[in-house]
Number of protein chains: 2
Amino acid sequence: MASLRGWREGLVSARTTDSARDIPEATVARLPVYLRALTTLVDNGTATCSSEELAAAAGVNSAKLRKDLSYLGSYGTRGVGYDVDYLRYQIAREIGVTQDWPVVIVGIGNLGHALANFSGFRSRGFRVVALLDADPTRRGEVVAGIDVRDFADLDAIVREHGVAIGVIATPATAAQDVADRMVEAGISSILNFAPTVIAVPAGVDVRKVDLSIELQILAYHEQRKQAEATA
Amino acid sequence: MASLRGWREGLVSARTTDSARDIPEATVARLPVYLRALTTLVDNGTATCSSEELAAAAGVNSAKLRKDLSYLGSYGTRGVGYDVDYLRYQIAREIGVTQDWPVVIVGIGNLGHALANFSGFRSRGFRVVALLDADPTRRGEVVAGIDVRDFADLDAIVREHGVAIGVIATPATAAQDVADRMVEAGISSILNFAPTVIAVPAGVDVRKVDLSIELQILAYHEQRKQAEATA
DNA sequence: TAGATTGTTAATCGATTAACAATC
DNA sequence: TAGATTGTTAATCGATTAACAATC
């Protein structure tokens, strides 16, 4: 029922209907934020909310929220607002997290540990099916209840679990090689925590999370604020 | 010399000249990427590079790179390219990482550990001056050579080191409270790893790093790719 | 019906890109 | 001078926002 095959069919039929069309990238990036805000509202027992309330919870303005939601369809009621649970389901379906996505994490250093232990994975549509490390001395270690396995097992694991998403948590020097192997194994979406740009063929998506880049952006603005203050 | 006062003066004089003007936000976000690419080139012993080469190393197209650099000034030579080391310094100065920024990290769980141990901090213009945790049982622990201290010491630490940037690595439930206390203590730039939206007064910058949001964005595109493939 | 709130329009704003004149 | 490459222009594209007609 909740098989890979199951949601693939679901998705195809969704695309046959009117819902899954060209959603702007900026909107796609905000859908998970709305989803989280809606989950919080559900947990608080809120049944209905206005675009104004949801926008406040998500940290955007309400015009943007309504515009974003309009790309998915018409899930609100004029004069009333949105049914929180219904809208949450619709967004989850649009993103594709009504079923779990199997994920592999490569590189079990400090960051890999933190990622493996991150509880938000499970609750938000992802399931870590394997932890891989090139270092043979780590073999047999168990992190967050998951065995650390040989990086060479990647192909077998991807095939066995139908893994489409890989997380790179290795040092920068290893990242390109890991990415190449992931792509060869059939992974087509990569979340890269290594502080380096990786090259992938067309059709493979890469997103990058980079701590020092985020800090540098803050530093730039901080610098200007301080210059302002002393000017 | 390398004191807080020192770089503040440097910055003010930079702003008096023509370099530090209204740089578009999208450009600011890419400057650290260029900086990293230039550092790699310097390490490889490359003295000069063209916009084409640097753009390839940074993963952008060369028109965008040249446009971005044009906001900083004219640091290239037509027909020749850029002096790698000179351009690197100019970008570092523009971002504000020619001097170190003192940083505090609050929340020493798995992620806090990983952040504290992250070597890229030091080499990229940041220095972790304190690790703070609300849990008294963690007091006295030493992580990455830094003592874990009481969250109540925040004010004193901020004052002592002139901390302007804070990192939140707590659970979501604690994040707003931590942010409030940071702002009270005088911190005006926050990097938030907690999976929640935090509210801050105007003048305070917040950037957010959110693992499950990044994964959900990948899932969305992956879902569409798979639907495409089975269509 | 009157009040409330959505979904959409249209104007504005900002970012990207190709092309090329300037110039080393 | 001839070839190369920057810095800038102008056109295009995409995102944001305010306003409001539609409608519950």
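The chains referred to below are lettered A, B, ... by the order of the sequence lines, with proteins before strands, and numbering in each begins at 1. Here the structure is a predicted model, which means the values were calculated and not measured.
- Applying the salt bridge (charged side-chain N to carboxylate O under 4.0 Å, His left out) test to pairs two or more places apart or on separate chains, none has a residue in residues 174-196 of chain B.
- Distances shown here put a side-chain N or O of B/Ser74 below 4.0 Å from the OP1 or OP2 atom of D/dG7.
- Side chain of B/Gln176 to backbone of B/Ala199: a donor-acceptor contact under 3.5 angstrom is found.
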### Task
Go through A/Val104 and A/Ile187 one step at a time and tell me if the side chain to side chain contact (heavy atoms under 4.5 Å, CB included) criterion holds.
CA-CA 10 Å; A/Val104 295; A/Ile187 285 174; 3.9 Å; yes

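- Between the side chains of B/Glu94 and B/Gln90, no donor-acceptor pair is found at a separation under 3.5 Å.
- Taking atom CD of A/Glu25 as the reference point, atom C1' of D/dT16 lies 16 Å away to the nearest angstrom.
- A/Asn61 has its CG atom 7 Å from the C1' atom of D/dT17, to the nearest Å.
- Side-chain N or O atoms of A/Trp101 include one that pairs as donor or acceptor with a backbone N or O of A/Gly96 at under 3.5 Å.
- Considering only side-chain N and O atoms, B/Ser51 lies under 4.0 angstrom from the phosphate OP1 or OP2 of D/dT6.
- Base pairing analysis places C/dT12 opposite D/dA15; the two distances defining the Watson-Crick or G-U wobble pair are each below 3.5 Å.
- Base pairing analysis places C/dC20 opposite D/dG7; the two distances defining the Watson-Crick or G-U wobble pair are each below 3.5 Å.
- Distance from the side chain of B/Lys67 is smallest for C/dT16 among the nucleotides C/dT8, D/dT16, C/dT16.
- Side chains of B/Ser189 and B/Asp205: no donor on one and acceptor on the other come within 3.5 Å.
- With rounding to whole Å, B/Leu69 atom CG is found 9 Å from D/dT6 atom P.
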### Task
Apply side chain to side chain contact (heavy atoms under 4.5 Å, CB included) to A/Arg124 and B/Leu215, showing your working.
CA-CA 9 Å; A/Arg124 290 193 180 84; B/Leu215 279 175; over 6 Å; no

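- Under the side chain to side chain contact (heavy atoms under 4.5 Å, CB included) rule, B/Phe193 has a single partner from B/Val167, B/Leu211, B/Ile168, B/Asp210, which is B/Val167.
- Taking atom CG of residue A/Asp68 and atom P of nucleotide C/dT8, one finds them 13 Å apart after rounding to whole Å.
- For D/dT5, the OP1/OP2 oxygens have no side-chain nitrogen or oxygen of B/Ser50 closer than 4.0 Å.
- Contact annotation for A/Ala63: base contact, defined as any heavy-atom pair under 4.0 Å involving a base atom.
- Per the geometry, NZ belonging to B/Lys64 stands 17 Å off C1' belonging to C/dA19, to the nearest Å.
- Here the P atom of nucleotide C/dA15 and the OH atom of B/Tyr71 are 7 Å apart, to the nearest Å.
- Residue B/Arg66 has no polar side-chain atom (N or O) positioned under 4.0 Å from OP1 or OP2 of C/dT16.
- Between B/Asp22 atom CG and C/dC13 atom P the separation is 15 Å, expressed in whole Å.
- Each of B/Ser70 and A/Thr27 was assigned the nucleotide of DNA chain D with the nearest heavy atom; the assignment lying further toward the 5' end belongs to B/Ser70.
- The distance between atom CD1 of B/Ile23 and atom C1' of C/dG14, rounded to the nearest whole Å, is 15 Å.
- Within 3.5 Å, a donor on the side chain of B/Arg78 pairs with an acceptor on the base of D/dT6, or the reverse.
- Residue contacts shown for A/Glu52 are absent, as no nucleic acid heavy atom lies under 4.0 Å away.
- Of the residues in residues 81-92 of chain A, those lying under 4.0 Å from DNA chain C by heavy-atom distance are A/Gly81, A/Tyr82.
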